[in-house]
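Here the structure comes first, spelled out in structure tokens, and everything after it is commentary.
Quick note on labels: first sequence line is chain A, next is B, and so on, each numbered from 1.
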Number of protein chains: 2
Amino acid sequence: MKNKNYKILLVDDEKDILEILRYNLEKEDYDVYTAKNGLEAIEKAKKVTPDLIIMDVMMPEMDGITACAEIRTIEELKNSTIVFLTARSEDYSQIAGLEAGGDDYISKPIKPKVFLSKVKSYQRKSKSELQDSQLLVHGSITIDPERYLVIIDGTEIILPRKEFKLLQLLAGKPSKVFTREEIFSKVWGNDVVVGDRTIDVHIRKIREKIGINVIRTVKGVGYTFEID
Amino acid sequence: MKNKNYKILLVDDEKDILEILRYNLEKEDYDVYTAKNGLEAIEKAKKVTPDLIIMDVMMPEMDGITACAEIRTIEELKNSTIVFLTARSEDYSQIAGLEAGGDDYISKPIKPKVFLSKVKSYQRKSKSELQDSQLLVHGSITIDPERYLVIIDGTEIILPRKEFKLLQLLAGKPSKVFTREEIFSKVWGNDVVVGDRTIDVHIRKIREKIGINVIRTVKGVGYTFEID
DNA sequence: ATAATATCTTAACCTTAAGTTAATCTACTA
DNA sequence: TAGTAGATTAACTTAAGGTTAAGATATTAT
């Protein structure tokens with residue numbers, strides 16, 4: 001159950017490899033899909049929007065690198081992790097793979113334990129998006145991402161994740177007006193669909209908690225961080 | 001198996017050297033990545049966050065020293081060890097390299113045995129940095145790594161290994177919020193696959209044993225050590 | 001070795017904070 | 001002054017951790 005809903009697309013022309021990887025992944029309850037060349041991979045990727053694509057470099061029809069570059073142009077797949085399978089020291093492929101937008105590569109021969117631990121680490125990595133850990137100080141308000149705290153005149157305020165990220169986003173560029181669009185994509189991510197009112201509610205909670213008036217509403221446009 | 005997941009990035013424009021080093025390292029089960037100039041090295045380093053970067057000084061496109069300086073500005077790579085390969089008594093390079101943020105240099109020609117023992121020592125060093133034997137005192141709680149003891153108001157408490165390391169990690173930087181990612185990699189190491197609940201259980205055991213409330217949960221983010 | 005013990009991990013279930021939505025209200029804007 | 005966008009509130013849903021106990025693994029002692 002634990003890894004259900006983490007979708008993995010395996011792409012390789014060798015049926016044996018596909019099967020052994022599938023076996024190992026399904027044992028860990030991952031959602032596994034397969035394709036046997038680059039073209040099929042693109043097709044399937046569009047359908048299932050996998051979180052992780054593990055793809056051989058050398059394949060008939062369309063090689064992994066071309067497929068990877070293609071996949072990277074698809075909006076819904078921007079956040080997918082793409083990993084290449086390469087024969088040991090297939091040096092050039094590795095480089096080309098990373099250049100085409102791959103995130104890592106795994107060298108054959110594949111050892112199940114190592115393979116699974118890598119998959120696990122990709123899974124965790126994608127969750128913990130790169131967050132800016134820059135300390136922001138504006139007048140009497142300090143935002144400390146490392147400690148996940150907002151400090152106002154020495155008083156430490158704890159904000160929940162979304163509220164914190166939202167405030168951090170706005171405070172990252174004071175006076176810039178962030179549209180709802182921008183806020184959604186930066187705080188919620190492109191793949192999540194939530195109603196418009198959700199942002200308002202979060203803004204309200206932030207205002208309530210930090211007391212001072214630092215978020216200004218720009219009607220019809222969005223919100224902006226301003227220290228009076 | 002032993003050295004799996006200690007990631008080493010080799011950077012050299014000579015394919016032969018790359019191959020011989022790779023061969024030796026892979027024999028010892030290290031995770032080896034390669035690049036053939038500074039630009040490529042930066043690219044790859046960003047993707048795979050190697051623990052150790054071994055880089056030639058003289059390379060086309062971008063030399064090792066420039067690349068090193070560049071890498072040192074990247075947050076995720078602050079903890080990577082960077083080592084230069086230099087032609088014997090290429091005196092100036094050595095100095096420049098260390099100034100640019102390199103940690104050591106290895107002179108060519110390379111002898112496999114010497115090379116491997118150096119790598120091994122870098123590996124130990126980076127580990128021991130995290131396994132600080134520094135006595136930590138915060139309010140009424142004292143953490144004594146030397147004796148593997150936690151002392152609270154004079155009462156000595158013995159914690160098992162994982163619990164101790166976890167507490168030590170958090171207490172090493174009070175108030176900093178450690179993500180699950182960080183905790184896994186620092187306490188369990190990247191080569192182990194354990195479920196998310198494992199951390200919770202260890203946190204619970206610690207809280208239970210030390211009684212006082214020093215670990216705060218930051219939902220959706222991680223845990224932090226705080227003395228009220 | 002083998003048994004005894006301690007530690008670690010997992011699975012299942014529980015709890016609660018965080019996030020979302022919907023309904024209603026208010027204030028701007030045209 | 002009607003229409004629209006946002007504010008507010010409370011109810012609802014969900015995801016993230018907490019808890020417990022049982023089952024694996026390691027470790028230590030015999």
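Side-chain atoms of A:Y223 lie closest to D:dG6 of the nucleotides D:dG17, D:dG6, C:dG19. Closest approach to the A:T198 side chain among C:dA12, D:dG6, C:dT21 is made by C:dT21 (side chain taken as heavy atoms from C-beta onward). Taking every side-chain heavy atom of B:K219 into account, D:dG17 is the closest of C:dC8, D:dG17, C:dG19. Among C:dG19, C:dA23, C:dT20, the nucleotide with an atom closest to any side-chain atom of A:V201 is C:dT20. Closest to the side chain of B:H202, from the set C:dC8, D:dT19, C:dG19, is C:dC8. Nearest to the side chain of A:P160, among C:dG19, D:dA7, D:dG17, sits C:dG19. Candidate nucleotides C:dT9, C:dT21, C:dG19 were compared by shortest atom distance to the side chain of A:R197, and C:dT21 ranks first. When the nucleotides C:dT10, C:dC8, C:dT20 are ranked by their closest atom to the side chain of B:V194, C:dT10 comes out on top.
For the pair B:E208 and A:I203, nearest-nucleotide mapping onto DNA chain D gives the more 5' position to A:I203. Position along DNA chain C of the nearest nucleotide to A:V193 versus A:L159 favours A:L159 as the more 5'-ward residue. Closest-nucleotide positions on DNA chain D for B:V218 and A:G220 were compared, and the one nearer the 5' end corresponds to A:G220.
Atom CG in A:D196 sits roughly 18 Å away from atom P in C:dG19 (whole-Å rounding). B:L166 has its CG atom 13 Å from the C1' atom of C:dC8, to the nearest Å. Atom-to-atom, CD1 of B:I215 to P of D:dG17 comes out at 14 Å; the value is rounded to the nearest Å. Going from atom CD1 of B:I158 over to atom P of C:dT5 covers 17 Å, rounded to whole Å. D:dG17 atom P lies 9 Å from atom CD1 of B:I199, rounded to whole Å. Between B:R216 atom CZ and D:dG17 atom C1' there is a gap of 15 Å when expressed in whole angstrom units. As a whole-Å value, the separation of A:Y148 OH from C:dA18 P is 11 Å. Atom CD in B:E163 sits roughly 10 Å away from atom P in C:dT9 (whole-Å rounding).
Salt bridge annotation for A:D200-A:R180: present, with a cationic side-chain nitrogen under 4.0 angstrom from a carboxylate oxygen. With respect to B:K176 and B:E182, a salt bridge is recorded, a charged nitrogen being found less than 4.0 Å from a carboxylate O. Using a 4.0 Å cut-off between charged side-chain N and carboxylate O, B:E156 and B:R147 make a salt bridge.
Counting heavy atoms of neighbouring residues, nucleotides and ligands inside a 6.0 Å radius, atom CD of A:E43 does not exceed 12 of them.
A:Y105 has its ring centre less than 6.0 Å from the ring centre of B:Y33.
Here A:R204 does not reach the OP1 or OP2 of D:dG6: none of its side-chain N or O atoms lies under 4.0 Å away. In terms of phosphate contacts, A:R180 brings no side-chain nitrogen or oxygen within less than 4.0 Å of OP1 or OP2 of D:dA5. The phosphate of C:dA6 has neither OP1 nor OP2 within less than 4.0 Å of any side-chain N or O from B:R161. Residue A:T217 places none of its side-chain N or O atoms closer than 4.0 Å to OP1 or OP2 of D:dA5. Taking only side-chain nitrogens and oxygens, B:R207 comes nearer than 4.0 Å to OP1 or OP2 of D:dG18. When the side-chain nitrogen and oxygen atoms of A:W188 are compared with OP1 and OP2 of C:dG19, none of them lie within a distance under 4.0 Å.
Checked by atom type and distance alone, the side chain of B:K209 never pairs as donor or acceptor with a backbone atom of B:L159 at under 3.5 Å.
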